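Some notes on the structure that comes next.
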Amino acid sequence: MDQITARVPPEMVEALDAAAAALRRSRADVVCHALERYLEDFDDLTVALERLRDPSDPVLDWDEVRGDILRTD
């Protein structure tokens, strides 16, 4: 596993230490888990933005879709 170094404000270190203590994990475990979550969200956001920018993807009219949904109930 690779090692990285980051500078963070003291209050963030305090919050990290508190979280690590509450979870009974090391700082590294908490940071690694947080980065995994962040990167998963980043990947999801990247895919969503690519789909929004896709000119071949149809744009639906909300009033039309809403009317269709209400008529089917």
Side-chain angles (χ1 to χ4, degrees):
M1 189 175 289
D2 290 340
Q3 183 175 347
I4 62 169
T5 302
R7 295 186 185 275
V8 295
E11 58 274 6
M12 192 177 289
V13 174
E14 290 174 16
L16 173 59
D17 287 342
L23 295 167
R24 296 185 180 153
R25 303 278 186 221
S26 67
R27 279 182 179 175
D29 286 341
V30 175
V31 170
C32 190
H33 183 72
L35 281 171
E36 286 173 357
R37 286 281 183 83
Y38 178 86
L39 293 173
E40 287 171 4
D41 289 348
F42 181 80
D43 288 343
D44 291 344
L45 181 59
T46 300
V47 170
L49 288 173
E50 287 173 3
R51 289 179 181 169
L52 281 172
R53 293 179 179 140
D54 182 358
S56 67
D57 192 27
V59 176
L60 303 176
D61 179 81
W62 168 244
D63 291 328
E64 186 178 316
V65 171
R66 185 174 178 266
D68 291 346
I69 291 171
L70 292 174
R71 280 192 292 278
T72 60
D73 286 344

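From a predicted model like this one, the values you see are computed outputs, not experimental measurements.
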Residues D68, R71: salt bridge by 4.0 Å N-O rule: yes
Distance (rounded to the nearest 0.5 Å) between I69 CD1 and W62 CH2: 5.5 Å
Inter-residue atom distance D54.CG - R51.CZ, 0.5 Å rounding: 9.5 Å
Set of residues satisfying salt bridge (charged side-chain N to carboxylate O under 4.0 Å, His left out) with respect to D29, sequence neighbours excluded: none
Closest non-hydrogen atom pair, D17 against R27: OD1-NE, 2.5 Å
Hydrophobic cluster identity match, L16 and L23, side-chain contacts under 4.5 Å: yes
Approximate separation, where rounding is to 0.5 Å, of T46 OG1 and D41 CG: 10.5 Å
Minimum heavy-atom distance between R25 and V30, given as atom pair plus value: CB-CG2, 4.1 Å
Hydrophobic cluster identity match, L35 and F42, side-chain contacts under 4.5 Å: no
